[in-house]
Amino acid sequence: MERSFAGRRALVTGAGKGIGRDTAKALFASGARVVAVSRTQEDLVSLAQECPGIETLCVDLGDWEATERALSTIGPVDLLVNNAGVALLQPFLEVTKEACDRSFDVNFRSVVQVSQIVSRGLIARGAPGAIVNVSSQASQCALKDHAIYCSTKGAMDMLTKVMALELGPHKIRVNTVNPTVVMTAMGRANWSDAQKSEPMLSRIPLGKFAEVEDVVNGILFLLSDQSAMTTGSALLVDGGYLVG
Ligand SMILES: NC(=O)c1ccc[n+]([C@@H]2O[C@H](COP(=O)([O-])OP(=O)(O)OC[C@H]3O[C@@H](n4cnc5c(N)ncnc54)[C@H](O)[C@@H]3O)[C@@H](O)[C@H]2O)c1
């Protein structure tokens, strides 16, 4: 389904690889002006080569001050995709302070910060906006070794609802997409072991993991006017995993 984002400016975090990269490319191909944010300069350079004219911003979103500086002159943004995330898996009894802090800094705190910056700009301009937070099926079910990851995404889901409540009157919609496993760099790092992935796969009614494109389609739907009456919701892209 074609959607035009002509005349809109979109900011995508974690746009160097995986879901974020393909989201940035899809928005760019659909006519949006795109600001691609990532912490790895070489990924942004190759993205800019693929999409001439795309804007790039290299910053570690886990660093509040650096992010504040990097986004201080960001200019008008209509559409925001909070996609950057880390999955630091540890058994609960071995969870470290470092993993806990890093996970919440990147997966949760940066979402608060970047969304505030973008929302304040939208409100000042009186412009409508849409924000999509890339959550996970893991926000809604317990997964072994995922105590911190599940918790950051659970917090993201609730943050999304409160943001929807408070930003709705300003014509800003806020939703999540909640994918199952996707074999990106992150997915491969955590799910390549068949002993681990087979039990997960066997519980997915559609019998497969998600493709990056499945998630991108969900994000674009939630950014577009086709979902104009949808806010505060979670779009499951999980092949039915959470049904059972
Ligand atoms: N892959 C999966 O199985 C899966 C499933 C459900 C949800 N998700 C979520 O989707 C999102 C994207 O995941 P992915 O699979 O594409 O991951 P990925 O590791 O392939 O890509 C993540 C991107 O985010 C960037 N990033 C990470 N930390 C950053 C930071 N501190 N500052 C700036 N950029 C940073 C990385 O540089 C990279 O470009 C994440 O939020 C993840 O939690 C992934």
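The analysis underlying the following values was restricted to heavy atoms, covering all of them including side chains, and did not include hydrogens, waters or symmetry mates. The first residue in the sequence is number 1, and the count goes up from there. In listed order, ligands and their atoms are each counted from 1. In this text the structure is predicted, and so the values were computed from the model without any measurement.
A salt bridge between Asp157 and Lys153 is absent, with no side-chain N of the basic residue lying under 4.0 Å from a carboxylate O of the acidic one. A salt bridge links Asp78 to Arg125: one of the charged nitrogens lies within less than 4.0 Å of a carboxylate oxygen. Ion pairing between Arg39 and Asp63 fails under the 4.0 Å rule for side-chain N and carboxylate O. Between Glu55 and Arg33, none of the side-chain N atoms (NZ, or NE/NH1/NH2) sits under 4.0 Å from a carboxylate O, so this pair counts as no salt bridge.
Contact annotation: the side chain of Asn175 never approaches that of Asn133 to less than 4.5 Å [non-hydrogen atoms, C-beta and beyond]. Residues Leu71 and Leu57 meet the side-chain proximity criterion, which asks for heavy atoms closer than 4.5 Å.
Within 4.0 Å of ligand 1, the residues that place a heavy atom are Gly14, Gly16, Lys17, Gly18, Ile19, Ser38, Arg39, Thr40, Val59, Asp60, Leu61, Gly62, Asn83, Ala84, Gly85, Val86, Arg102, Val106, Val134, Ser135, Ser136, Tyr149, Lys153, Pro179, Thr180, Val181, Val182, Thr184, Ala185, Met186, Gly187, listed by chain and number.
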